[in-house]
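In what follows, a structure is listed as structure tokens, so that the remarks can point back to it.
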Amino acid sequence: MTDPTTRPLGTLTLPVDRIKVRELARALRADPETVPPTFTVVAAHHTPAGGSPNELIIAAAGLDQPRVLLGELSWTYRRPLRTGETLTGTVRLDDRTVRRGRRGGEMVLATGTTIWCDEAGAEVQRGRVVLIQPEAPATGGSTVTRPAAAGPLPEAEPTADGPPAAADPDTLRLSRTDIVRYAGAAGDFNPVHHDEGHAVRLGFPGVFAMGLLPGGILAAEAARVLHPRQLAAVAIRFTGQTWPDVTYRRHRDPLPATDDRGGGIELGLTGPAGEQTVRVRAYPGQQGGA
């Protein structure tokens with residue numbers, strides 16, 4: 001295909017609004033006074049239909065949007081975002097690849113980048129996304145298995161200081177209310193996350209959480225551990241679905257230092273059968289700007 005990196009798909013503006021910061025932070029069980037490291041996903045709230053970064057990349061790659069899933073997201077940070085500023089994002093399609101799926105059909109991967117700049121035109125953040133259009137579902141029904149749901153669990157409520165108190169820091173369990181709350185905060189209304197019939201028609205046993213809900217929770221945790229002002233890079237990889245009302249075990253492991261980065265941390269979720277669903281890698285580094 002023609003080199004897509006020379007063809008910007010569009011530009012958009014994103015106000016770092018205090019109310020939206022708090023709304024997203026609450027959905028991610030994070031500090032409401034700190035801009036979450038995944039905040040730029042709320043750009044969908046500030047664009048017309050079809051104008052968000054992912055929608056622009058999906059359209060340019062010729063993907064079928066209702067079937068598209070997130071494969072991986074990563075960010076590099078020049079400085080922390082500041083509440084009250086307005087960012088301008090430039091979106092581009094970097095690559096489109098067709099692969100053979102396990103059932104013999106075609107699976108399409110599209111990679112895109114959004115470069116976010118401040119009012120002075122200085123780059124503050126760069127986001128990269130890998131979107132996956134899986135092969136068509138088999139006619140015999142779902143090929144994805146869902147762990148058995150556990151009984152009801154009281155939801156964590158915000159404390160007087162802001163972020164909700166987790167009942168068990170070593171586990172993560174999401175409810176359907178959590179999914180709806182994140183949909184509203186991030187502007188992600190893909191029906192596969194709230195419409196049972198739609199999810200089943202796509203070959204899934206039911207609705208599941210957006211990958212950026214558990215991924216954003218773990219990224220916010222990584223920012224707390226490394227300190228937001230020291231965060232240089234975050235990468236989130238999705239390897240499976242995170243289902244509502246299922247308890248996942250958290251893990252946290254150190255990452256060795258690299259030539260240009262200090263030692264980081266890896267956080268992840270593991271399901272009841274030992275399956276890993278999401279993995280977050282975060283690295284500290286020197287950031288420019290105050």
Side-chain angles (χ1 to χ4, degrees), residues 24-25 27-31 34-41 53-54 69-81 94-95 97 109 111-116 123-132 163-164 166 168-174 182 186 209-242 246-289:
L24 183 65
L28 298 176
R29 307 177 183 181
D31 179 4
T34 301
V35 181
T38 58
F39 178 79
T40 50
V41 301
N54 284 1
L69 302 173
L70 278 173
E72 187 171 338
L73 277 162
S74 61
W75 293 264
T76 54
Y77 308 95
R78 298 296 180 91
R79 65 163 173 81
L81 300 187
D94 297 326
D95 186 56
T97 304
L109 286 77
T111 304
T113 299
T114 304
I115 301 172
W116 295 98
E123 180 179 331
V124 296
Q125 187 180 122
R126 182 173 295 224
R128 179 179 178 273
V129 63
V130 178
L131 299 167
I132 301 173
D168 183 355
D170 296 325
T171 63
L172 178 68
R173 188 166 164 210
L174 301 172
Y182 182 82
M210 312 77 167
L212 270 171
L213 172 51
I217 290 172
L218 295 182
E221 179 183 343
R224 287 195 299 272
V225 173
L226 298 178
H227 195 284
R229 300 188 67 82
Q230 299 286 332
L231 195 63
V234 168
I236 306 176
R237 185 175 184 183
F238 307 102
T239 55
Q241 284 72 42
T242 303
V246 173
T247 300
Y248 293 86
R249 179 66 55 182
R250 297 179 189 235
H251 71 80
R252 182 196 298 176
D253 300 295
L255 293 171
T258 65
D259 291 340
D260 57 346
R261 293 173 180 166
I265 57 172
E266 177 179 284
L267 301 96
L269 296 180
T270 302
E275 73 282 10
Q276 193 173 69
T277 64
V278 61
R279 184 178 69 195
V280 174
R281 292 186 170 190
Y283 289 92
Q286 296 299 319
Q287 294 186 351

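Values below: every heavy atom of this structure, side chains too, minus hydrogens, waters and symmetry copies. These figures come from a predicted structure and were not determined experimentally.
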Legend entry - Sequence-distant partners of Thr40, side-chain hydrogen bond (donor to acceptor under 3.5 Å, both in side chains), two or more places apart: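 With sequence neighbours excluded, Thr40 shows a side-chain hydrogen bond (donor to acceptor under 3.5 Å, both in side chains) to Trp75, Gln125, given in chain and number order.
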Legend entry - side-chain hydrogen bond (donor to acceptor under 3.5 Å, both in side chains) involving Thr277 - partner list, sequence neighbours excluded: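 Result, side-chain hydrogen bond (donor to acceptor under 3.5 Å, both in side chains) vs Thr277: Thr242.
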Legend entry - side-chain contact (heavy atoms from CB on, under 4.5 Å) between Val280 and Glu266, worked out: CA-CA 6 Å; Val280 174; Glu266 177 179 284; over 6 Å; no
Nearest heavy atoms of [X] and [Y], plus distance in Å:
X      : Y      : result
Leu24  : Ala186 : CD1-CB, 4.4 Å
Ala220 : Ala30  : CB-CB, 3.8 Å
Gly263 : Pro284 : O-CD, 3.2 Å
Tyr248 : Glu275 : CE2-OE2, 4.4 Å
Thr171 : Arg250 : O-NE, 3.0 Å
Phe39  : Leu81  : CD2-CD1, 4.2 Å

Find the distance between [atom1] ([X]) and [atom2] ([Y]) and round it off to the nearest 0.5 Å.
X      : Y      : atom1 : atom2 : result
Phe238 : Leu73  : CZ    : CG    : 5.0 Å
Ile265 : Tyr283 : CD1   : OH    : 10.5 Å
Thr34  : Leu28  : OG1   : CG    : 12.0 Å
Ile132 : Leu70  : CD1   : CG    : 8.5 Å
Ser74  : Arg281 : OG    : CZ    : 12.5 Å
Thr113 : Arg128 : OG1   : CZ    : 6.5 Å

Is any side-chain heavy atom of [X] less than 4.5 Å from a side-chain heavy atom of [Y]?
X      : Y      : value
Ile217 : Leu174 : yes
Leu269 : Leu218 : yes
Met210 : Leu69  : no
Thr38  : Ile236 : yes
Leu212 : Tyr182 : yes
Val246 : Pro272 : yes
Trp116 : Glu123 : no

Partners passing side chain to side chain contact (heavy atoms under 4.5 Å, CB included) against [X] (at least two apart in sequence or in another chain):
X      : value
Arg252 : Glu221, Val225, Leu267
Gln276 : Thr239, His251, Arg279
Ala233 : Thr76, Arg261

Inset, instruction - Name all residues meeting the salt bridge (charged side-chain N to carboxylate O under 4.0 Å, His left out) criterion together with Arg237; count only those two or more places apart in sequence or in a different chain, and write none if there are none. - result: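 Result, salt bridge (charged side-chain N to carboxylate O under 4.0 Å, His left out) vs Arg237: none returned.
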Inset, instruction - Compute whether any side-chain donor of one residue and acceptor of the other, for Thr111 and Asp94, lie under 3.5 angstrom apart. - result: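 No, no side-chain donor-acceptor contact under 3.5 Å.
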